[in-house]
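Okay, structure first, notes after.
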Amino acid sequence: MSDIKIKEAPVADEQAQPILTHERSLSQKIASGSEASDILDQQMVMLGIQLVTQLNVLIKTSRIYERTNAALDKPVDAMLTLIKTMAQDQPVTLRLQNDFLFLGNSHLKVNAQQMAVATSIIDALNAWKIGGMIFSLTVESKDLREFAALFVSLDPDNKTIEDLQKEITARGIVGIELEEQRQLQIRQGPGTAGNTGPGTAGNIGPGTAGNTGPDGTGSADLKVQRKMNAMNGYAKVAGSVGTLTQASREGGTASFKQAKRAIQNIIDLMVDDEAAVLGLTTLRCHDQYTHNHSVNVSLLSIALANRVGYPKVELADLGLAALFHDMGKSTIPMEVLNKPGEFTDDDWVAMRNHPTEGVLSLSKMRGITNLPGRMAAASFEHHMNQDFSGYPKLTVPWTISLTGRILTIADCYDAMTSSRVYRREPMSPSKVLNMMLSKSGKSFDPVLLKLFVNCVGIIPIGSLVMLETSELAVVLKPAADKANGERPIVRVITDPQGNSVDHGREVDLTEKDETGDFRHNIIRLIDNTEYKFDTSRYFTLQDAEKVRQHP
Ligand SMILES: [Fe+2]
Ligand SMILES: [Fe+2]
């Protein structure tokens with residue numbers, strides 16, 4: 001669908017006005033240098049949202065007026081214009097999957113104003129268990145009117161989607177087809193997310209299948225779906241980084257397009273649920289440190305840049321730059337990177353050269369015509385430190401870019417909380433944050449560091465805490481209310497005796513009782529690394545599993 005020619009959109013009709021509006025924004029965006037095909041996709045998404053809007057108007061109006069009433073003219077004409085604009089070589093498919101709307105495969109992300117309309121359509125489709133509406137070029141005004149009349153006259157409580165489909169056929173409605181809903185499967189076997197890229201299977205796959213029990217299946221639990229989407233997104237990004245790193249090692253060509261799309265997808269998911277996506281950065285797969293690290297740094301950088309106020313399109317550029325900040329490591333032999341013992345002096349020299357080597361590696365990759373400055377900066381500056389105490393050492397004056405400063409924080413946080421970096425033992429997230437705060441203004445930009453603490457929380461996501469009931473809980477999300485920053489949202493994972501509990505309850509520590517006192521309190525932070533707790537499981541689909549406590 002991306003080869004649609006926007007300029008061919010009919011413009012004479014009054015109903016086509018919104019399309020013209022978008023054409024203006026299109027030219028602005030092309031001028032700002034985004035890729036043309038991405039722009040076309042974005043354009044399609046905008047048209048898709050208009051289609052949803054007009055469909056909603058049509059359905060609502062049909063509840064009040066007869067199918068031939070002039071009140072229906074406007075939404076019907078607008079829908080026909082939109083369908084004919086979009087359905088160039090294939091029909092227009094509006095999909096509902098797990099309460100998210102899609103045009104084809106593109107997520108129709110709606111803003112706050114469009115939310116009511118989207119929710120109304122989602123509810124209407126859900127009532128009928130409709131998973132997709134397919135509009136083809138053959139659709140005419142009478143079909144839309146007849147369909148809408150049918151849609152509002154039949155009662156989804158008494159009729160099924162098959163009944164509706166039969167009626168559509170019986171009434172000779174053409175150009176509109178319905179698809180049944182397909183829930184995303186919770187189970188992830190081979191061939192799904194775990195399979196999307198080198199090395200990702202090990203991170204995402206194990207343990208997730210265990211959630212297909214009676215409580216895990218078929219539920220429209222938005223949280224589970226978001227986790228699922230986030231995990232898929234994570235796996236895709238990890239897959240693309242794997243492919244590109246491999247290509248760089250082999251001196252082959254590589255396209256950043258796949259990675260960019262994967263990053264854009266992650267940004268969409270993060271807008272829906274930042275904590276669910278950031279929770280995935282607690283995944284620690286020892287064999288895949290480099291890939292995981294790249295993805296984690298990218299996610300943390302995006303979250304931080306989002307707080308800084310980066311516009312969405314720049315978030316994607318930054319996320320991509322962050323994803324390849326350690327590209328210079330592809331010049332270091334695998335034997336060195338995976339060395340079980342201590343590094344030699346030569347090894348350290350190679351390690352310290354990776355920021356500079358990264359710029360060279362990236363510039364040699366033929367997949368990008370112009371090495372964006374942000375990518376070069378991410379690689380070159382991420383170990384420099386605010387006070388230039390890091391490396392590379394420069395003999396010329398230098399100003400570290402915002403990208404570089406963001407990367408320094410995201411990189412350090414992930415590296416220190418991970419177990420494999422430079423053979424160090426991992427530190428608990430809160431210890432890392434304290435250590436970083438002690439270097440605020442020295443290694444790190446103090447303002448950015450404060451914003452970063454807002455992202456991961458004073459007691460960071462993934463931390464293990466003991467409640468005053470002696471139950472252990474894992475931090476899922478920072479407190480929404482910054483005044484109560486030390487009261488995050490947690491999931492209880494053991495009973496007071498320390499026995500693991502399945503489906504432990506989620507507790508908002510800002511919740512108060514009738515007397516106005518906090519209902520639950522943290523009495524201490526537990527060092528999850530000391531106790532060898534793998535808290536990442538609480539961010540994947542393994543809640544139902546027993547807590548795994550390593551011996
Ligand atoms: Fe690095
Ligand atoms: Fe790094």
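In each ligand, atom 1 is the first atom listed, and ligand 1 is the first ligand listed.
By the 4.0 Å N-to-carboxylate-O rule, Asp268 lies close enough to Lys312 to be salt-bridged with it. Remark: Lys260 engages Asp317 in a salt bridge, criterion side-chain N to carboxylate O under 4.0 Å.
With sequence neighbours left out, the side-chain hydrogen bond (donor to acceptor under 3.5 Å, both in side chains) criterion links Asp387 to Ser389.
Among the heteroatoms counted here (N, O or S) of Asp326, OD2 is the one nearest to the Fe ion (ligand 2). When the Fe ion (ligand 1) is compared with the N/O/S atoms of His382, atom NE2 turns out nearest.
Residue pairs that meet the salt bridge (charged side-chain N to carboxylate O under 4.0 Å, His left out) test with at least one member in residues 441-452, sequence neighbours left out, are Arg405-Asp445.
Between the NE2 atom of His325 and the OD1 atom of Asp411, the angle taken at the Fe ion (ligand 2) works out to 90° after rounding to 10°.
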